[in-house]
Amino acid sequence: KDKVMVRKPVGIEASGGVNILFTDKTGTLTKGELEAVKIVDGGGQVFNDVQDCGRSVGELLKLSAYFNTGSALSAGKALGGNATDRALLKAILPLDFKTDNYRKLSAFPFDSAYKFSAAAVRSQQGAMPVFGEKCTFIKGAPEKILPFCQNYVSPNGMLCPFDAEEMSRKQRAMTCRAMRVLAVAVTRSDVTGEKDLHGLTFVALVGIRDDIRAEVPAAIEEVRRAGIQVVMITGDNIETAKAVAEEAGLL
């Protein structure tokens, strides 16, 4: 009747003594439907869609989303991997390039201890913007990637001096709007660990949004009135976490 499912009936009785409740964020407080909603290139231009970015930036973002990921396409849908990877892959659909023209040479999978992932890709036909036939795509936490970027790719494919501090300010502004922000960069070198993060070329910041479930603020308020403290657990940047917590009524 109350739509409560438990593994052991004694759990219902034990819940009467709860005074602190830990809850996951993604898919519990939020809808779990992550969507890439904002892109900022190295020159500070803001776009709402990958297709609106300049040719060079857009092509590098698409290749990064397709090859530097734990997700895969099946019947035109992004499956597997984590929710962030699926959101990035979904943002570049439908594909406007032939995947057979490229080959993934190696991969450094995402690990929360390192906060980035990497994939080396070779073009089988023609060249990729700026970097020719082979490059390594890196994506991860901005605080991990931005300090190692020395230039950025302009919309027309030129390399320009990069201002990491200015881009960090833009990243903080996005996180304060409850976005999970990823930095995407590229390099000619192979990346097999943190020691290889140097001389990177910045491509873009990608802001990913996951809206709060409509019923969550009222539910949290009801739980708090019952004398239970609610704690949200998330791997997101602390500023993003604060913004979500404010929307949910936790702060």
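These figures come from a predicted structure and were not determined experimentally.
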Exercise. Please report the closest heavy-atom contact between Gly58 and Val50, naming both atoms and the distance.
Key: O-CG1, 4.1 Å
Quiz item: Charged N to carboxylate O below 4.0 Å: is that the case for Lys170 and Asp163?
Solution: no
Quiz prompt | Worked verdict on Leu60 versus Val184 for side-chain contact (heavy atoms from CB on, under 4.5 Å) | solution = CA-CA 9 Å; Leu60 290 171; Val184 177; over 6 Å; no
Quiz item: Given the rule that I, L, V, M, F, W and Y join up when any side-chain heavy atoms are under 4.5 Å apart, are Leu205 and Leu182 in one cluster?
Solution: no
Quiz item: Does Ile138 share a hydrophobic cluster with Ile92, counting links as ILVMFWY side-chain heavy atoms below 4.5 Å and allowing steps through other members?
Solution: no
Exercise. Could you pull out the closest heavy-atom pair between Cys176 and Ala243, with the gap in Å?
Key: O-CB, 3.6 Å
Quiz item: Closest approach of Met128 and Glu133, non-hydrogen atoms and distance?
Solution: CE-O, 3.4 Å
Quiz prompt | Charged N-O contact under 4.0 Å between Arg169 and Glu166 | solution = yes
Practice problem: Step through the shown structure and confirm whether more than 12 heavy atoms of other residues, nucleotides or ligands are within 6.0 Å of NZ on Lys77. | Solution: no
Exercise. Spell out, yes or no, whether Val230 and Ile212 are grouped together once hydrophobic residues are joined by side-chain heavy atoms under 4.5 Å, including indirect joins.
Key: yes
Practice problem: Could you tell me whether Lys134 and Asp190 make a salt bridge, using a distance below 4.0 angstrom between a side-chain N and a carboxylate O? | Solution: yes
Quiz item: Is Leu200 close to Ile145 at the side-chain level, that is, under 4.5 Å between some pair of heavy atoms?
Solution: yes
Quiz prompt | Residues Lys31, Asp210; criterion salt bridge (Lys or Arg N to Asp or Glu O under 4.0 Å); working and verdict | solution = CA-CA 6 Å; Lys31 295 177 180 178; Asp210 184 14; over 6 Å; no
Quiz item: Sub-3.5 Å donor-acceptor pair from the side chain of Ser64 to the main-chain atoms of Asn68, do we have one?
Solution: no
Quiz item: Does any N or O in the side chain of Asp85 come within less than 3.5 Å of the main-chain N or O of Gly81, such that one atom is a donor and the other an acceptor?
Solution: no
Quiz item: If two hydrophobic side chains count as joined below 4.5 Å and joins carry through other members, does Val244 share a cluster with Val37?
Solution: no
Quiz item: Going hydrophobic residue to hydrophobic residue with side-chain gaps under 4.5 angstrom, can you get from Val46 over to Met167?
Solution: yes
Self-check item: Aromatic centroids of Phe116 and Phe108 separated by under 6.0 Å
Solution: yes
Quiz item: Thr84: what forms a side chain to side chain donor-acceptor pair (under 3.5 Å) with it, not counting sequence neighbours?
Solution: Arg180
Exercise. State which residues pass ring pair (Phe, Tyr, Trp, His ring centres under 6.0 Å) with Phe110; sequence neighbours excluded, sorted by chain then number.
Key: none
Exercise. Start with the C-alpha gap between Leu146 and Phe202, add the side-chain angles, then the distance that decides, and say whether side-chain contact (heavy atoms from CB on, under 4.5 Å) holds.
Key: CA-CA 8 Å; Leu146 297 184; Phe202 178 81; 3.6 Å; yes
Quiz item: Do you see a donor-acceptor pair shorter than 3.5 Å between the side chains of Lys25 and Thr30?
Solution: no
Exercise. Evaluate the criterion salt bridge (Lys or Arg N to Asp or Glu O under 4.0 Å) for residue pair Glu247 and Arg209; output intermediate values, then yes/no.
Key: CA-CA 13 Å; Glu247 283 189 32; Arg209 174 93 185 180; 2.9 Å; yes
Practice problem: Please check if atom CD in Glu165 has more than 12 non-hydrogen atoms from other residues, nucleotides or ligands closer than 6.0 Å. | Solution: no
Quiz item: Looking at Thr187 and Gly199, what are the two nearest heavy atoms and their distance?
Solution: OG1-O, 4.2 Å
Quiz item: Shortest non-hydrogen contact from Glu35 to Ala87?
Solution: N-CB, 4.2 Å
